[in-house]
Amino acid sequence: MHRVTFIPGDGIGPDVANAARKVVDATGVKIEWEEKIAGEPAIEKYNTPLPDDTLESIKRNKVALKGPITTPIGGGYRSVNVLLRQLLNLYACVRPARSIPGTNTPFQNIDLIVVRENTEDVYAGVEFPPNSAEARKIIELCNGKVREDSAITLKPISFYASERIVRFAFQYAIEHNRKKVTCVTKANIMKFTDGLFLEAARKVAQEFPQIEFEERLVDNMAMQLVQKPHLYDVLVMPNLYGDILSDLCAGLIGGLGVAPGANIGDEAAVFEPVHGSAPKYKGMNKVNPTATILSAAMMLDYLGEKVAAEKIERAVRMVISEGKWVTYDLGGNATTTEMTDAIIDKLAE
Ligand code: NAD
């Protein structure tokens with residue numbers, strides 16, 4: 001029996017998270033779900049998007065399955081998703097992009113893993129508005145290189161966190177039978193921050209001579225992922241580039257509806273789709289549950305339930321390649337529930 005914290009989230013979160021939970025239960029793996037709220041329902045009930053009770057539950061159970069949570073743009077509260085990664089030290093974001101026959105994409109046989117550093121970079125949340133005392137102090141240090149009316153966001157990158165994420169990527173490569181790790185930075189321009197990340201990567205690569213190592217600049221990487229995605233295997237990079245390139249990789253395999261993800265640390269792991277809460281589809285039972293169902297399969301794999309994880313992946317592939325019970329984004333008109341039930345039916349085959 002495993003105990004897992006279950007967070008439906010908001011927007012389309014409850015639709016896709018409940019679908020994934022139903023599929024996991026149908027595999028027969030015994031899970032005791034501890035349901036907790038975060039995001040909009042938590043603001044309504046407790047006036048905070050991340051109640052302590054929810055955080056404590058993840059700390060206690062060490063594993064969570066989570067639906068997406070809305071983050072207000074511009075003002076408002078900070079991202080609950082980013083906060084969770086920071087508070088639980090979920091330093092590795094793992095986003096596999098594997099083609100599923102039947103999805104609407106000109107790219108075939110894609111098999112990439114994006115490993116994104118999850119705790120630093122411009123996501124650290126160190127920002128100063130224009131004309132604040134802090135912004136003025138930093139601008140002063142810039143010797144006329146920065147305009148006086150600028151806002152400032154800091155980009156901290158440490159050797160410690162860079163080494164840790166690159167080691168995670170190499171270990172992941174070994175455990176999952178992968179051949180190559182590519183480090184992605186913009187070290188030609190950000191010589192100190194991205195330069196440090198690259199330096200850490202070169203050092204760690206020497207510990208893993210059995211895995212090929214190469215380096216790419218992020219702009220070139222974006223182009224190459226579109227032109228020659230088959231040249232790549234495991235990609236490791238700082239936070240912001242990982243955010244952007246993992247959506248690009250989701251695009252290669254047919255969109256956000258089929259892109260799963262995991263946030264992993266030494267003490268806890270939170271599994272969630274790459275996509276967000278798509279508020280315009282809230283409560284419509286319309287969106288694709290695949291990304292969250294595959295995230296749940298990653299969770300089962302993490303819990304050691306490898307047979308059940310593989311069973312789910314196979315069932316998802318069968319339903320999508322048959323194309324009968326698929327949602328709008330895959331060219332069908334099945335509801336979230338209908339697609340989920342079709343996947344459950346295939347588990348037995
Ligand atoms: P989004 O991923 O929510 O949606 C973008 C578009 O992608 C949708 O309009 C829809 O067309 C499509 N889409 C997304 N998920 C789909 C699915 N399962 N099936 C079919 N189509 C799907 O991105 P957004 O609109 O930029 O963000 C909405 C909110 O989600 C924002 O508040 C954002 O901050 C938040 N967000 C949360 C997370 C998270 O919880 N980890 C991640 C990303 C964005």
Side-chain angles (χ1 to χ4, degrees), residues 6-20 23 36-43 49-50 54 58 64-88 90 93-95 100 102-105 114 116 118 123 125 239-240 242-251 253-264 269-296 298 316 319-320 325-340 343:
F6 176 70
I7 304 171
D10 59 32
I12 57 169
D15 282 359
V16 291
N18 282 305
V23 173
K36 298 288 170 188
I37 56 175
E40 280 165 7
I43 294 173
L50 181 60
T54 301
I58 308 175
L65 178 64
K66 173 184 158 301
I69 294 172
T70 306
T71 307
I73 295 179
Y77 55 86
R78 297 193 61 79
S79 163
V80 173
N81 311 301
V82 175
L83 200 61
L84 270 178
R85 293 167 199 162
Q86 287 168 348
L87 294 175
L88 297 166
L90 306 173
C93 178
V94 181
R95 292 178 165 178
I100 304 178
T103 51
N104 184 15
T105 163
V114 175
R116 162 188 177 189
N118 231 359
Y123 278 73
N239 209 336
L240 180 64
D243 182 42
I244 297 168
L245 291 190
S246 57
D247 268 31
L248 189 157
C249 291
I253 59 162
L256 287 170
V258 295
N263 300 291
I264 301 175
V270 175
F271 295 81
E272 62 179 345
V274 173
H275 66 73
S277 58
K280 69 179 174 190
Y281 294 122
K282 178 181 176 175
M284 291 171 68
N285 193 24
K286 184 179 162 103
V287 295
N288 192 342
T290 300
T292 316
I293 291 172
L294 291 178
S295 305
M298 289 175 78
V316 165
V319 168
I320 293 179
W325 296 107
V326 295
T327 44
Y328 76 96
D329 55 314
L330 300 179
N333 46 31
T335 62
T336 308
T337 315
E338 285 168 340
M339 186 167 180
T340 306
I343 291 168

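Counting starts at 1 for both ligands and their atoms, in listed order. Please read these numbers as outputs of a predicted model, since none were measured by experiment.
For atom 2 (O) of ligand 1, the closest non-hydrogen atom on the protein side is Gly276 N, 2.7 Å. Summary of contacts: the protein heavy atom closest to atom 18 (N) of ligand 1 is Asn288 O, 2.9 Å.
Ligand 1 has a nitrogen or oxygen under 3.5 angstrom from a nitrogen or oxygen of Tyr328. Looking at Ala278 next to ligand 1, an N or O pair under 3.5 Å apart turns up. Of the polar atoms of Pro273, none of the N or O atoms is found under 3.5 Å from an N or O of ligand 1, judged by distance alone.
Under 4.0 Å from ligand 1, the heavy atoms of Asp329 that appear belong solely to its side chain. Contacts between Val274 and ligand 1 below 4.0 angstrom, taking non-hydrogen atoms only, involve the backbone exclusively. Under 4.0 angstrom from ligand 1, there are no non-hydrogen atoms of Lys286. Heavy atoms of Thr70 found under 4.0 angstrom from ligand 1 belong to the backbone as well as the side chain.
In this structure, atom 39 (C) of ligand 1 has protein heavy atoms in its sub-4.0 angstrom surroundings. Distances from atom 25 (O) of ligand 1 to the protein include no heavy-atom value under 4.0 Å. In this structure, atom 21 (N) of ligand 1 has a protein heavy-atom contact shorter than 4.0 Å.
Side chains of Asp15 and Tyr281: a donor-acceptor N/O pair is absent below 3.5 angstrom, by distance only.
For residues 271-280, the pairs satisfying side chain to side chain donor-acceptor pair (under 3.5 Å) are Lys66-Glu272, Thr70-Ser277, Arg85-Glu272, Asn263-Glu272, with sequence neighbours left out.
In summary, of the residues considered (Thr290, Thr103, Asn288), a side chain to side chain donor-acceptor pair (under 3.5 Å) with Asp329 occurs for Asn288 alone.
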